[in-house]
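Position 1 is the first residue of the sequence; numbering continues from there. Counting convention: from 1, in listed order, for ligands and their atoms alike.
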Amino acid sequence: MDLSYILNELGEERENYFNAVSPPIIQTSNFTFKTVAGFRQALSEEFDAALYSRGNNPTLNILRKKLAALDGAEEALVFSSGVAAISVPILTLLKQGDHIISVENPYSWTVKLFKNLLPKFGIETTFVDGADTNNIKNAIRPETRLIYLESPNTFSYELQDLQAIAEIARENNILTMIDNSYCGPLFQQPIKLGIDLVAQSATKYIGGHSDVVAGVLTGSRELIKRIFDDEFMNIGPALSPHSAWLLIRGLRTLPLRMQRSFETAKTLTEWLAKHPKVDKVIWPFRPDFKQAALAKKQMLGCGGMFSFTLKEPSVEKIEAFCNKLQHILMAVSWGGHESLIIPSIAGVPLADYDTGNARHQLIRMYVGLEESAYLVADLEQALT
Ligand SMILES: *Cc1c(COP(=O)(O)O)cnc(C)c1O
C-alpha cells in the first residue's frame with residue numbers, strides 16, 4: 001500500500017462526516033442500537049462493533065487502520081501508553097509457569113515488568129545479550145513462550161538480527177515481540193522480517209509534538225483479536241478519542257519529521273565525533289558502530305537519537321555540560337519537535353556512579369526538528 005495513501009486516506013470515510021478533511025473526534029462512551037438483533041450482534045463480537053469506547057471508537061479505528069498498514073500487519077490496537085502496549089499482550093498470551101527470553105537493557109519499565117510484575121504471576125524472564133543470536137537460542141527451554149526484543153534500544157542501541165531470531169522462534173513454536181519505538185514503522189518493519197507482535201510508544205515519533213501519551217501494538221488478526229477480547233477489555237487501557245485524533249494528525253507529517261530527525265542526527269554525530277572533548281558517539285548508522293552492517297541490513301533509516309561520552313566522564317563534567325545547554329532541553333521522552341538530553345547519571349544514585357561503567361557515562365541526545373546549526377552552537381558553548 002502506498003505510504004501517501006495510508007497517511008492521507010486509508011480509514012477515512014469523509015462522506016460520513018460532511019466531507020471534512022480532518023476526521024471528527026467521536027467523543028462518546030457508548031453507541032446506540034435500533035434493534036435487539038443489532039445489539040445482540042455487537043455484544044457477541046465486540047472486536048468488530050461500535051458498542052462502547054473501552055473497546056471500539058470510530059476515531060480510534062481510523063488510526064488503527066493506518067498503523068496496521070504502516071507496519072504491514074493485519075491489525076493494530078492502540079493503548080493509553082506505550083507501556084500498556086507492551087504489558088497487556090504479555091499478560092494476555094502468557095500464563096503461570098511460562099518463560100520469557102528478553103534482550104538485556106530494554107526500556108526501563110519493561111525491565112520492571114519482567115522483574116517485578118510478571119513474577120507475581122509465576123512468569124520468569126531470562127535476560128541475554130541479543131547481539132549474538134546463539135545466546136537467545138541457548139536460553140530456550142521447553143516452557144519458553146516468548147522472545148522479547150528491542151532493536152535498537154534507546155540508550156546503548158544494541159541490535160538483534162530480527163529475521164534470524166524470528167526463524168529460530170518459529171521452529172520452536174515461540175512467539176516473538178519487539179519494541180520498535182526507536183525506528184518506528186518507516187525505518188524498520190519487523191512483521192515483514194517474521195516477528196509476531198510489534199509494540200511501539202506512539203508518544204514518541206507518531207505523536208511527534210510532546211503532547212500525547214499513547215501506545216500501539218500490531219500483529220495478525222488472530223493475535224490482536226485475542227488480546228482485545230481478553231486482557232485489553234479487562235484491563236481497560238483504551239486511548240481517548242482526542243489523543244487518537246492527535247496521533248492521526250501526527251501521522252500526516254511522520255515521514256518529514258523522521259527524515260529531518262535522521263538527517264540532523266547524522267550531522268550532529270559527525271560533528272560530535274570530531275570534537276576534542278567527546279570520546280565516543282554511539283548511533284546505529286555511524287560507520288564505527290559495532291553492529292553497523294546489521295543496522296544497514298534491517299533498518300531503512302535511523303532514529304534521531306544517539307548517545308555520547310565525554311573524554312572526562314566525571315559527574316562534575318557531565319553535569320556542567322548538561323546544565324549549560326540553553327536550547328537543548330533536559331527531559332525524559334523523545335520523538336517530539338524539541339531536542340532533548342538525558343545524562344545517564346541523572347538516573348544513577350550519586351554514590352553508585354562508577355566512572356569505569358560505560359553505561360553510566362552515556363549522555364543521550366534526541367534530535368528534534370531545529371536547524372542543525374542552532375543545535376551545534378548550543379553543544380559547542382556547553383562543551384567549552
Ligand atoms: C517511551 C518508551 C516506552 C514507553 O512508552 P510510553 O508511551 O511512555 O508508555 C517504551 N519503549 C521505549 C523504547 C520508549 O522509548
Side-chain angles (χ1 to χ4, degrees), residues 60 63 67 71 76-91 102-117 125 127 130 148-160 162 177-188 190 195 197-218 232 235-240 242-244 246-247 250-251 254 257-258 261 265 282-284 299 302-307 329 331-336 338-342 344 346-347 359 362 364-368:
L60 270 74
L63 174 65
L67 292 168
D71 268 350
L77 259 187
V78 287
F79 297 75
S80 54
S81 72
V83 154
I86 294 168
S87 59
V88 172
I90 294 177
L91 287 166
S102 169
V103 292
E104 282 173 343
N105 306 314
Y107 179 66
S108 55
W109 287 97
T110 307
V111 174
K112 287 177 196 170
L113 170 72
F114 291 149
K115 287 197 174 161
N116 303 341
L117 197 148
T125 302
F127 293 91
Y148 185 87
L149 310 172
E150 188 177 315
S151 182
N153 74 28
T154 54
F155 230 102
S156 43
Y157 314 96
E158 288 90 10
L159 310 182
Q160 300 98 51
L162 303 186
M177 178 170 169
I178 185 171
D179 180 340
N180 196 38
S181 301
Y182 181 84
C183 286
L186 300 187
F187 287 170
Q188 185 163 268
I195 301 295
L197 287 168
V198 179
Q200 205 186 150
S201 170
T203 312
K204 313 295 164 49
Y205 274 126
I206 292 177
H209 296 74
S210 300
D211 52 13
V212 58
V213 173
V216 46
L217 181 76
T218 57
F232 182 87
I235 293 172
L239 189 67
S240 77
H242 182 246
S243 293
L246 286 170
L247 296 179
L251 283 178
L254 182 68
R257 291 183 289 102
M258 291 212 65
S261 179
I282 310 169
W283 188 56
M299 292 161 60
C302 198
M305 195 151 58
F306 58 84
S307 295
L329 306 174
V332 296
S333 197
W334 54 276
E338 77 291 12
S339 291
L340 299 170
I341 205 120
I342 302 186
S344 184
R359 282 185 73 81
L362 293 178
R364 181 183 93 175
M365 177 163 179
Y366 163 70
V367 178

*Applying side-chain contact (heavy atoms from CB on, under 4.5 Å), run through Leu362 and Phe155 and close with a yes or a no.*
CA-CA 8 Å; Leu362 293 178; Phe155 230 102; 3.9 Å; yes

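Numbered from 1 in the order shown, with element, the atoms of ligand 1 that lie under 4.0 Å from a heavy atom of Trp334 read 15 (O). Listed by atom number, the atoms of ligand 1 under 4.0 Å from Val83 heavy atoms are 4 (C), 5 (O), 6 (P), 9 (O). Remark: ligand 1 atoms within the under-4.0 Å shell around heavy atoms of Glu150 are 13 (C). For ligand 1, the atoms closer than 4.0 angstrom to any heavy atom of Thr154 are 13 (C).
Ring centers of Tyr157 and Phe306: at least 6.0 Å apart, outside the cut-off. Aromatic pair Phe232/Phe79: ring centres closer than 6.0 Å.
Looking only at heavy atoms of the protein, atom 6 (P) of ligand 1 is closest to Gly82 N, 3.3 Å. Closest to atom 8 (O) of ligand 1, if we only count protein heavy atoms, is Tyr107 OH, 4.0 Å. The single protein non-hydrogen atom nearest to atom 13 (C) of ligand 1 is Asp179 OD2, 3.4 Å, given as residue, atom name and distance. Looking only at heavy atoms of the protein, atom 2 (C) of ligand 1 is closest to Lys204 NZ, 2.4 Å. Looking only at protein heavy atoms, the nearest one to atom 7 (O) of ligand 1 is Thr203 OG1, 2.6 Å.
Taking the six-membered ring where tryptophan is involved, the planes of Tyr205 and Tyr366 are perpendicular, since the angle between them exceeds 60° and thus also 30°.
Geometrically, Lys115 engages Phe127 in a cation-pi contact, judged by NZ or CZ lying under 6.0 Å from the ring centre and within 45° of the ring axis.
A donor-acceptor contact shorter than 3.5 Å links the side chain of Ser181 to the backbone of Ser201. Proximity of a side-chain donor or acceptor of Glu150 to a complementary backbone N or O of Tyr182 within less than 3.5 Å is not detected. With Ser81 contributing its side chain and Val213 its backbone, the two residues share no donor-acceptor pair below 3.5 Å.
Both the backbone and the side chain of Ser81 come within 4.0 Å of ligand 1, counting heavy atoms alone. At a heavy-atom cutoff of 4.0 Å, ligand 1 is contacted by the backbone of Ala214 but not by its side chain.
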